[in-house]
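First comes the structure, then the notes that go with it.
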Amino acid sequence: MQIFNTLTRKKEEFVPLEEGKVKMYVCGPTVYNLIHIGNARPMIVFDTVRRYLEYKGYEVNFVSNFTDVDDKIIKKANEEGVSAEEISERYIEECKKDMEGMNVRPATTHPQATQEIDGMIEMIQSLIDKGFAYPAADGTVYFRVKKFDEYGKLSHKNLDDLQSGFRSLLVSGEEQKEDPLDFVLWKPKKEGEPFWPSPWCDGRPGWHIECSVMSKKYLGEEIDIHAGGEDLIFPHHENEIAQSECCNGRQFARYWMHNAFLNIDNHKMSKSLGNFRTVREISEQYDLQVLRFFMLSAHYRSPLNFSADLMESSKNALERIREAAGKLKDRKEAGQGSLTAEEQQLLQEALAFNAQFEKAMDDDFNTADAVAAVFELVRFANTHLSETSSSEFAGALLEQLLALTDVLGLIALPREEMLDKEIEDLIAERQEARKAKNFARADEIRDLLLAKGIILKDTREGVKWKRA
Ligand code: AMP
Ligand code: ZN
């Protein structure tokens with residue numbers, strides 16, 4: 001299996017540190033708002049990488065953090081007049097709902113920065129002790145970039161170029177740095193901000209140190225794969241490498257994977273352009289499986305453009321897979337008998353689609369080609385399934401289709417649809433429960449309907465519902 005490694009800018013054969021096991025860390029979102037569809041790209045892509053590694057038989061320890069202390073979180077908390085913790089907890093919950101909708105599996109561990117402050121203080125102290133960091137007069141601790149000879153190896157930047165860029169960018173308040181390139185490990189508290197005591201000052205950690213510490217705690221000093229969006233290569237991942245390798249004295253991560261960006265209608269997505277879309281907004285219009293299909297229809301290192309047209313064609317494509325799965329299931333349940341000699345032969349032929357799928361995925365997770373292999377299987381099934389097919393034949397093709405779509409995290413056999421009558425009866429029961437102030441039951445019914453993809457809306461004209 002080949003993985004494109006940002007560190008070497010080459011596809012390399014994947015060899016895990018420990019046979020049969022993979023230690024993988026993916027930088028997660030900063031939780032101050034609902035996640036947007038750009039954030040969804042690394043979630044879907046690296047969840048698929050994880051699923052494929054598992055399909056290949058690896059045991060994957062998958063760690064992905066939530067950054068829950070940050071300027072943006074504090075700003076939002078101040079705007080709403082609530083604590084930073086309330087904001088981060090709220091959006092972690094919302095993020096988890098979106099992940100579930102996109103069929104992104106929960107990580108083995110989802111550490112949160114605010115729960116790991118002790119480890120951060122420890123690592124910063126160790127960097128100071130080793131001469132790689134220094135506290136300034138006001139208690140800010142900086143990393144001494146020039147002390148690390150390999151700085152720039154991930155982003156392929158050279159120190160001289162960085163230096164000239166930084167000199168002109170030196171901002172006031174940073175005169176206390178020994179060198180403009182040095183970056184913050186710990187910063188003093190400001191009025192109204194969360195803070196923790198430390199040997200240098202009451203304050204909070206810099207962003208980069210979080211990931212170095214959480215990766216070490218949950219995966220160890222050396223890991224197999226570290227991943228995130230390409231905007232994180234510099235400075236975030238470059239700085240993580242500097243911190244971890246200087247502290248631990250060994251290579252931090254073997255393979256660095258970065259997804260390209262998602263644009264909207266060929267523009268960068270940004271709040272100021274007003275083209276910002278949250279995953280939640282998309283979920284009001286589409287099953288989030290459609291979003292997942294759309295993301296996987298391109299290679300993760302290619303820029304991807306979001307548009308209404310592409311979402312529509314993704315919806316139709318996913319529908320084709322589901323129709324085929326539905327037909328196979330019906331035949332499996334209705335048909336009888338065991339494989340004929342001809343069917344046996346056909347199943348042998350169909351194995352070629354698995355090989356095609358694996359070849360694509362082995363080539364740096366080429367999901368676009370893997371999806372194409374799934375469609376070939378769908379076409380094959382549509383061609384060869386007939387009224388006389390045996391139950392076993394339909395069942396075997398169905399199993400094959402479900403195994404491949406499952407690696408992509410696509411649900412080919414969706415939940416059984418509820419009938420309108422069943423929905424309306426439950427809504428009536430919920431109204432009764434509310435009237436009787438049995439809110440627990442009312443909530444239970446709403447959640448039950450939600451799980452079946454039915455969204456309720458209370459309006460002046462009563463309760464309205466729609467399918468997600
Ligand atoms: P953030 O919350 O900004 O730290 O981002 C969380 C993750 O989403 C990081 O891996 C980012 O690289 C990634 N990301 C943010 N915006 C986009 C985008 N437009 N396209 C792809 N990935 C993105
Ligand atoms: Zn990170």
Side-chain angles (χ1 to χ4, degrees), residues 6 24-47 49 62-73 75-76 87-88 91-92 94-95 98-99 102 104 107 109-113 116 120 123 154-155 183 185 205-219 223 225-244 252-253 256-273 275-279 282 291-292 294-296 298-307:
T6 307
M24 180 166 180
Y25 187 96
V26 181
C27 291
T30 307
V31 279
Y32 65 100
N33 215 332
L34 291 172
I35 58 163
H36 57 67
I37 55 176
N39 301 136
R41 190 170 191 194
M43 284 181 184
I44 291 172
V45 161
F46 298 117
D47 177 64
V49 167
F62 188 96
V63 176
S64 189
N65 66 299
F66 287 114
T67 295
D68 63 347
V69 57
D70 168 90
D71 289 343
K72 294 193 202 100
I73 299 173
K75 181 164 172 273
K76 177 97 168 182
I87 296 293
S88 58
Y91 290 111
I92 286 172
E94 296 302 334
C95 178
D98 288 335
M99 284 168 65
M102 297 186 294
V104 169
T109 315
H110 278 292
Q112 288 173 232
E116 310 289 345
M120 297 185 208
M123 187 179 274
L154 180 73
S155 51
F183 61 86
L185 299 174
W207 170 36
H208 317 302
I209 196 76
E210 295 175 12
C211 291
S212 283
V213 167
M214 295 188 274
S215 178
K216 179 176 177 173
K217 175 165 170 188
Y218 295 98
L219 296 170
I223 71 170
I225 301 174
H226 195 115
E230 66 183 5
D231 58 322
L232 300 186
I233 298 173
F234 188 86
H236 185 54
H237 288 163
E238 196 70 71
N239 292 353
E240 280 187 41
I241 292 178
Q243 296 162 158
S244 295
F252 178 34
W256 287 85
M257 295 180 70
H258 294 98
N259 64 273
F261 256 45
L262 177 81
N263 295 321
I264 294 197
D265 297 323
N266 295 312
H267 293 286
K268 194 178 149 102
M269 186 166 52
S270 79
K271 282 233 164 84
S272 54
L273 286 174
N275 61 1
F276 197 86
R277 301 262 171 86
T278 63
V279 169
I282 301 302
L291 184 66
R292 183 164 186 130
F294 160 75
M295 296 279 185
L296 297 178
H299 189 270
Y300 75 92
R301 284 190 291 113
S302 307
L304 180 58
N305 188 44
F306 181 93
S307 71

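Whatever order the structure lists them in is the order used to number ligands and atoms, beginning at 1.
No side-chain heavy atom of Pro111 sits under 4.5 Å from any side-chain heavy atom of Glu210. Inter-residue side-chain proximity for Pro205 and Glu116 is flagged as unmet; no heavy-atom pair is nearer than 4.5 Å. Using a 4.5 Å heavy-atom threshold, the side chains of Met43 and Asp47 count as separate. A 4.5 Å side-chain heavy-atom check between Ile282 and Phe306 finds at least one atom pair inside the cut-off.
Smallest separation of non-hydrogen atoms from Met269 and Ile37: SD-CG1, 4.0 Å. Minimum interatomic distance between Ser64 and Ala107 (heavy atoms only, all atoms of both residues): N-CB, 3.9 Å.
Neighbouring protein atoms of the Zn ion (ligand 2) (N, O or S, distance under 2.8 Å, waters ignored): Cys27 SG, Cys211 SG, His236 NE2, Glu240 OE2.
Residues forming a salt bridge (charged side-chain N to carboxylate O under 4.0 Å, His left out) with Lys268 (at least two apart in sequence, or on another chain): none. Residues passing the salt bridge (charged side-chain N to carboxylate O under 4.0 Å, His left out) test with Lys76, sequence neighbours excluded: none.
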As a test of reading the model: which N/O atoms of the protein lie under 3.5 Å from N/O atoms of ligand 1, and at what distance?
{"unit_1": "ligand 1", "atom_1": "2 (O)", "unit_2": "Thr30", "atom_2": "N", "d": "3.0"}
{"unit_1": "ligand 1", "atom_1": "5 (O)", "unit_2": "Asn39", "atom_2": "ND2", "d": "3.3"}
{"unit_1": "ligand 1", "atom_1": "8 (O)", "unit_2": "Asn39", "atom_2": "ND2", "d": "3.2"}
{"unit_1": "ligand 1", "atom_1": "10 (O)", "unit_2": "Gly229", "atom_2": "N", "d": "3.0"}
{"unit_1": "ligand 1", "atom_1": "12 (O)", "unit_2": "Gly229", "atom_2": "N", "d": "3.2"}
{"unit_1": "ligand 1", "atom_1": "12 (O)", "unit_2": "Asp231", "atom_2": "OD1", "d": "2.4"}
{"unit_1": "ligand 1", "atom_1": "19 (N)", "unit_2": "Leu262", "atom_2": "O", "d": "3.2"}
{"unit_1": "ligand 1", "atom_1": "20 (N)", "unit_2": "Leu262", "atom_2": "N", "d": "2.9"}
{"unit_1": "ligand 1", "atom_1": "22 (N)", "unit_2": "Gly38", "atom_2": "O", "d": "3.1"}
{"unit_1": "ligand 1", "atom_1": "22 (N)", "unit_2": "Asn259", "atom_2": "ND2", "d": "3.4"}

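Side-chain contact of Asp68 with Tyr91: a donor-acceptor pair under 3.5 Å is absent, judged by distance alone.
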